[in-house]
There are 2 protein chains.
Amino acid sequence: MFDKLEFLLALAREQHFGRAAESCGVTQPTLSAGLKQLEQSLGVLLVNRGSRFQGFTPEGQRVLEWARRIVGDTRAMRQEVSALRHGLTGRLRIAAIPTALTTVAALTTPYRAKHPDVQFTVLSRTSTQILTLLENLEIDAGLTYLDNEPLGRVNAVPLYRETYRLLTAADAPLGNRDQVSWAELSQVPLCLLTPDTQTRRIIDGLLRGANGGCHPTLESDSMILLFAHVRTGRWASIIPAKIAEALGPIDTIRTIPIVEPDAIHTIGLVLPAREPMTALNAALAAEARRITTSPAHDARRATFGTIAVN
Amino acid sequence: MFDKLEFLLALAREQHFGRAAESCGVTQPTLSAGLKQLEQSLGVLLVNRGSRFQGFTPEGQRVLEWARRIVGDTRAMRQEVSALRHGLTGRLRIAAIPTALTTVAALTTPYRAKHPDVQFTVLSRTSTQILTLLENLEIDAGLTYLDNEPLGRVNAVPLYRETYRLLTAADAPLGNRDQVSWAELSQVPLCLLTPDTQTRRIIDGLLRGANGGCHPTLESDSMILLFAHVRTGRWASIIPAKIAEALGPIDTIRTIPIVEPDAIHTIGLVLPAREPMTALNAALAAEARRITTSPAHDARRATFGTIAVN
DNA sequence: GCGTTGTGATAGAATATTTCTATCAACCTG
DNA sequence: CAGGTTGATAGAAATATTCTATCACAACGC
């Protein structure tokens, strides 16, 4: 019965009988039979079929929700029992929006110090992908915007408010400033993240609000690529302050606070809204709360945000 | 796996391998093997054994909590799917404290009008038993005090505030009054519920507060027996107003409001705190909320509480 | 129009698993 | 120490599950 519910989850994830079967480690007929059996046991058709997978029936969608819950709880139970015996072990799967990736280290480092047997998988995903992965139990936790998109049924721990910096060569236009305003940014050739990211959409909004336009000369989904371009001295970019901190001081390159709107969106840890959390997630949430409530951290990171730059 | 968790629940309920097996419809060796397998699959001992059942290990107690959750959710899923196909069907198991038994009719009657295929089982239990039964998934809902004992993780819908009446013959002492006070009740020979009921403990408290003593000349766990005694004209009893209403007008017997403290404890519907409720329970909660918010009901029942008597 | 590819259902054999009956060992009780 | 109760164990029988191989159907390309 459990296995059948897992089949259903796999099918929802893969949208394909064959791949779902593979992902469950069984053959396709086994998965087919399992689903048919689940349908029979519940007395409803769950899957619309017709020579190929055609989505779920309305009943199937409801059952899918329950299946997520039940399978999630079962995994949480196993994990908790294992934690009682061997301490925390296993793998914590985390996905973060690109701009929050560096913040992951602030969680994983103290976590690992306390629970050295836990392994991590960290993925870079967009905010919408993160919510989907969370829904499907494909990740345990996410780092993303808390106040921007409909979060659904999740548990959130705020971590920090995002601020932005202008990343530019010291000898370029604006390069000598101590701070710049959003309105001034139209003067320089910008390279930005692609518009499918929430960060880019936020930056677009801020630029439009200030001077009515956003025409980046280069777009990429890779922060490293943006940085490489700025490094040539001919481009500038707008990056979240957290990323600037992680880059550290770099010769010839400056990161200049952009003021007025200062910080708008909150970024935080997002966990499935399950009443007793999994043991691994409970420890992660504790770590996140420690960061949130640590005044030292707040002072260093949020208030005196400007790190030494060349 | 599911079956194994059900075995565990049955064992917790019956505290006995043989009876638990019977309650699951399997033989004792099957249940024994199932539990052993569950232990192996989780890698922990769950049950303390030694020639007889000796309770659960700490890990077993945690797993038990999860099992309640998972099994409950699975049943809820099945029920919801069945409701989608055939409308609401099945059996709703309700337990109520004796004094709230008559209120059950106010829920079941409109419920049945809307969902004629649902069957009911109504049990009379003490308030503590009700909470245990609810925990163990042995009942779907309870009617009990909401503000008196630690309720645990449940969902509560208040229904009414309990008030008390003196049940006595018209020609007995106090029989001609329109209302009496708690202090005056020491004048008459009382027959009351046994002290294991919460209602009795509340009445004790009220009597003690008023005149410093409570010495009922007769105790019983049966409301009908109390009534039979009062009927002889030689006894009096203190009964909740709701019961008085249900009895209706009776020759020679009066039900007289007892005033000052008037109503103290709230009685309501108690359901397991499960996020999406079972379909049957959701309908029951809706019915309960209808009663709570109906001003007609409040007026008729609570304010003009005195029904015509003799 | 006709082969090709991709997708899921079906049949039958091989394999696991579950469950039962029967019996045993430990323990308590008088 | 007999008698009753309780849970564990062994082995056979019954069920379920899973696999391999194959089929049926639709979409697509030439």
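Predicted model only: the values in this text are computed from it and were never measured. Chain naming here is simple, since letters A, B, ... match the order of the sequence lines and numbering starts at 1 in each.
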Derivation of the side-chain contact (heavy atoms from CB on, under 4.5 Å) call for B:Thr108 and B:Val118: CA-CA 10 Å; B:Thr108 50; B:Val118 176; over 6 Å; no
Salt bridge A:Glu6-A:Arg75, side-chain N to carboxylate O under 4.0 Å: yes
Ion pair check, A:Arg93 and A:Glu138, cut-off under 4.0 Å: no
Smallest separation among heavy atoms of A:Phe120 and A:Arg91, with atom names: O-NH1, 3.1 Å
Spacing between A:Leu31 atom CG and C:dT7 atom P, to the nearest angstrom: 14 Å
A:Tyr111 side chain vs A:Leu280 backbone, donor-acceptor pair below 3.5 Å: yes
Contact check, side chains of A:Val63 and A:Leu8, non-hydrogen atoms, under 4.5 Å: yes
Minimum-distance pair of heavy atoms, taken over all atoms of B:Gly142 and B:Leu134: N-CD1, 4.2 Å
Over 12 non-hydrogen atoms of neighbours within 6.0 angstrom of CD in A:Glu14: yes
Spacing of A:Gln28 atom CD relative to C:dG6 atom C1', expressed in whole Å: 11 Å
Those residues of residues 7-22 of chain A lying under 4.0 Å from DNA chain D by at least one heavy atom: none
Any A:Arg52 side-chain nitrogen or oxygen under 4.0 Å from OP1 or OP2 of C:dG6: no
side-chain contact (heavy atoms from CB on, under 4.5 Å) evaluation trace for B:Arg62 with A:Glu80: CA-CA 9 Å; B:Arg62 293 298 304 132; A:Glu80 184 178 313; 2.5 Å; yes
Rounded interatomic separation in angstrom, taking CZ from A:Arg49 and C1' from C:dA9: 9 Å
Covered region of DNA chain D, 5' end to 3' end, by chain B [heavy atoms, under 4.0 Å]: D:dT6 to D:dT9
Nucleotide nearest B:Thr30 (side chain, heavy atoms from C-beta), chosen from C:dT7, C:dA9, C:dC20: C:dC20
Salt-bridge criterion met for B:Arg112 and B:Glu287 (N-O under 4.0 Å): no
Those residues of residues 35-44 of chain A lying under 4.0 Å from DNA chain D by at least one heavy atom: A:Gln37
B:Glu59 with A:Arg85: basic N within carboxylate O range, under 4.0 Å: no
